[in-house]
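Any value given below was found using the heavy atoms of this structure, including those in side chains, with hydrogens, waters and symmetry copies removed. Each chain gets a letter, A, B and so on, in the order the sequences are listed, and its residues count up from 1.
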Amino acid sequence: MGKLVVIWRLATKDLFHAKTRTMLTVTVIAAATATLTLGLALSGATSDPYAHTRAATAGPDVMVQSNVPANGKEAPTAAPPDLIALEHAPGVVGYSGPYPVATPSLVANGHTVASQAGGFVVEGREQTRALVDQPKVLEGTWVRPGAVVVESTYATELGVVPGDSIMLDGHSFRVAGVAVTAAWPSVNWPGILWLTEADARSLATPKYPLSYLLNLKLTNPAAATAFANAHSTNNLSAFSWQQISHQDARGIELEQEALVIGTWLLSMLAIACIAVLVAGRMAEQARRSGLLKAVGGTPRLVAAVLLTGHLLVAFVGALIGLAVGWLVVPVLSKPNDGLIGSPGAPTLSGATVAVVMAVAIGIAAVSTFRPARRAARMSTVAALADAPRSPRRRPVIVALSRWLPAPLLLGARLVARRPRRLLLAVASTAVTVATVVAVLAFWQGNSVSGVPGGLTNPVVMAVSNVLVVVTVVLVILAAVNAAFMAWATVLETRHSCAVARAFGATPEQVTFGLSAAQVLPSAIGALAGVPAGIGFYHLAKHGGAFVSPSVLSLAATLVATLLVIAALTAIPAALAGRRPVSEVLQSEVA
Amino acid sequence: MTNPARVLVRAHQLRKDYGHGEALVRAVDDVDLEVVNGEALAVMGPSGCGKSTLLHLLGGLDRPTSGELWLGKRRIDQLSEQALAELRRQDVGFVFQAFHLMEELTAQENVELPALLAGRSPRQARRRARQILDQVGLADRGGHLPSALSGGQRQRVAIARALVNEPRLILADEPTGNLDSAATLGVLQLFETLHAGGLTLVIVTHDERIAATADRLVTMRDGTLVDETGLVGGTARRG
């Protein structure tokens, strides 16, 4: 019991003693765990809004559309018989339609969209209430001659509200209302406009004839996908409500994928960050460990104190991360304008909490284990003397660096002393640059295949926002990481730098050398991050055409990354360069 | 009166304070000192009397709080850090009690370092390092890491490093403090050889044997010089 009290007291006192570092560690873990919480909690967040919308609009189990005949074939003037035959197909208990579907061009609010290019469709509807798929009007009124109702998501994209006017094939229509439907996916799909049947038919031309649409209710809605697959032919395209729901959920799924991938990247950076923090702390704490051992502390006790402190920090960080994630889930999972209802309370299950806690504690344990073991094994005399850990000799780098100018000579030798930190610096920069390049590739890819009429795809926007958030957190974490690494390097190399200065190295040379010790490996990481980011994007989008950000944006990313790292590392390096040499050398023999 | 042309180091009213107010510690208190070219000066005194601080001030490792400090005809107490670094690179060589060798570099690489910092080519630096290591009797130990050398050998590597840029002044802080008798004797002989070659030495020491080899001995207490003894020709001179 007494030992536990000692461990607790020493660990907590140390955390409060190094407040800034403790808070930074908590922040790093909270960032990683909040992202993980979001990724896990977003699962299935859209199913409720689609179900609400389906219930409120008597949504169809299957939507069937006749295809426009290929060139050279005469367009039908009425719904094709094979479509009409489905009204009484086995398993069908109700239907609405067939409704005419026109593909005119649209001018609204400065946007010009060709329906034929896949931008939107115009569905002709009766003015009375349909038994299957009666869109729910959110604002204004339902269709009437000369007036159009616009699907809610598309109305938002176009920026139109009831009372505005839009032009369809040169004819002016007043916007009567804004409505939602469960018969069409509300995102990642053409926009929908509803006119009266007569108005829709008036938009047919020999070049762009009508197609027809039938909404069906089945005796067994669960088997809708099988029904849709069975009745899709060369002439007919059928979609089940499950397929439509999946399309609506796709936005959230992509956000979730981005968050989960971002979480892994953040976790890697968090491990790197905490490893550097702990290593830096160890460089400061050697004497404290020595004192603990000198008064009877066992190596195990020393390791336990260090582990306890960091596990405590991880626990607090994870709690904050869970709370932040829980608060942010409703914002990210908010249904788009095309659905009604709220997603309900975010699902923060026991499993999610357990996974998040395990990841946070795992990060802390993995990054603390080696330094704690090293502190425990360090000789008491060496620890009391606060002797810096002997670096490894790298004869090749020592030999090659002799040919470099003095600052780079110092930098290269400092880099070579700590190969694991070098790898962390390379990995940290590579992960950050890869993420930035992947986001650039995503924007490049999605601006090329954007929605017709210069409109914004809401899914692209949502995923883009999530990516930006993840990237900003990653960049901040990488920046903190770079500063910590520089700080840890400064602490560990204080003796070598002081000796170099005693023999004539200027403070500027030492500062530049310390900065170069960070920038050199970061440059390697940044270069590796470019192909990694492009590859990462293509893996995430599961194939398709090759997309790469422009050379200019890649070059700007590399230059900006290295400049930021140089600036961040120059601060602790410059502070170290200003410390009097005699003070450092005397402290080493004190 | 010393011939001003022969004076290499001149300190006038040199003072170094640490801390402020009630916590102020005056490590060096209005010290006046001259060291002429080719002279070997020993500085003795009890622990904490300010010997090492004085040595650091003389070599530009630290800045005085007040007073004047000259190296040859150049006033150095007001130099910038950059200029002090150049001074340490060209004109001053340090030997420390704790050796302060870089553990990951071989003996030869440790000796080469100041030469490389001074802008010599790697080939020149290597040649010069070998020459100096030979001079201190370690020609066959150049490829060894400090951890593979004895204390005496490490200190001789440190002396070689101090000599590599052919400085005008060698400042040694307790150079035999960490050595056994045999190693002390070796270092002692080395200093005598250097002194005989005309090098100017200022040695802070507790060791009477080292002090006895000097031309002059000054004693410090509480930051001030309290006693000065000329040892050349056996004539003691009170100052």
Side-chain angles (χ1 to χ4, degrees), chain A residues 382 385-395 397-410 412-419 492-511 513 574 577-590, chain B residues 16 18 52-53 55-57 59-63 80-94 96-106 109-123 125-126 143 145-147 158 161-162 164-165 167 171 173-174 177-178:
Chain A
D386 202 10
R389 191 160 50 95
S390 286
R392 284 198 190 159
R393 172 172 166 72
R394 304 281 160 188
I397 292 182
V398 169
L400 290 177
S401 64
R402 294 163 70 242
W403 299 89
L404 298 172
L408 285 176
L409 176 148
L410 295 171
R413 290 183 179 186
L414 292 177
V415 168
R417 290 162 67 98
R418 296 280 179 256
E492 283 198 353
T493 59
R494 60 194 185 275
H495 176 250
S496 301
C497 292
V499 172
R501 283 183 61 197
F503 288 95
T506 64
E508 288 74 24
Q509 285 175 328
V510 170
T511 302
R578 282 171 52 189
R579 194 178 167 195
V581 178
S582 57
E583 190 184 316
V584 180
L585 293 179
Q586 279 180 327
S587 76
E588 298 297 337
V589 291
Chain B
K16 178 66 184 177
Y18 293 109
S52 294
T53 305
L55 200 75
H56 291 159
L57 293 176
L61 274 186
D62 211 347
R63 291 164 184 280
S80 66
E81 271 300 320
Q82 173 85 20
L84 281 176
E86 284 165 14
L87 177 97
R88 293 195 295 265
R89 202 184 294 164
Q90 301 296 346
D91 296 323
V92 182
F94 283 97
F96 299 100
Q97 178 183 357
F99 321 130
H100 289 318
L101 297 175
M102 299 214 183
E103 291 298 317
E104 77 275 25
L105 300 184
T106 62
E109 287 163 352
N110 266 289
V111 177
E112 278 175 22
L113 183 64
L116 291 169
L117 288 173
R120 293 200 194 203
S121 75
R123 277 200 187 86
R126 175 155 291 184
L145 289 173
S147 55
R161 180 179 59 181
V164 75
N165 284 338
L171 300 169
D173 190 0
E174 299 282 8
N178 280 358

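Side-chain contact between B:Leu113 and A:Leu409: present, with at least one pair of heavy atoms (C-beta onward) separated by less than 4.5 Å. Counting heavy atoms from C-beta outward, B:Leu61 and A:Arg501 have side chains that stay 4.5 Å or more apart. Side-chain contact between A:Val398 and B:Glu112 is absent, with no heavy atoms from C-beta onward closer than 4.5 Å.
Minimum interatomic distance between B:Ala85 and A:Ala505 (heavy atoms only, all atoms of both residues): CB-O, 3.6 Å. Closest approach of B:Arg161 and A:Val499 over heavy atoms only: NH1-CG1, 3.4 Å. Considering every non-hydrogen atom in both A:Ala502 and B:Phe94, the closest pair reads O-CD1, 3.7 Å.
A donor-acceptor pair is defined here as one N or O able to donate and one able to accept, closer than 3.5 Å; no such pair exists between the side chain of B:Arg88 and the backbone of A:Phe503. Between the side chain of B:Arg89 and the backbone N or O of A:Gly504, at least one donor-acceptor pair lies under 3.5 Å.
Here A:Arg394 pairs with nothing under the salt bridge (charged side-chain N to carboxylate O under 4.0 Å, His left out) rule; sequence neighbours left out.
Heavy atoms of B:Leu105 lying under 4.5 Å from chain A belong to its backbone as well as its side chain. Neither the backbone nor the side chain of B:Arg63 comes within contact range of chain A; no heavy atom of the residue lies under 4.5 Å from a heavy atom of that chain. Heavy atoms of B:Ser121 lying under 4.5 Å from chain A are absent altogether.
When each of A:Ala406, A:Ser496, A:Pro405, A:Pro395 is scored by its heavy-atom pairs under 4.5 Å with chain B, the top score falls to A:Ser496. The residue among A:Arg402, A:Arg413, A:Glu508 with the most heavy atom pairs within less than 4.5 Å of chain B is A:Arg402.
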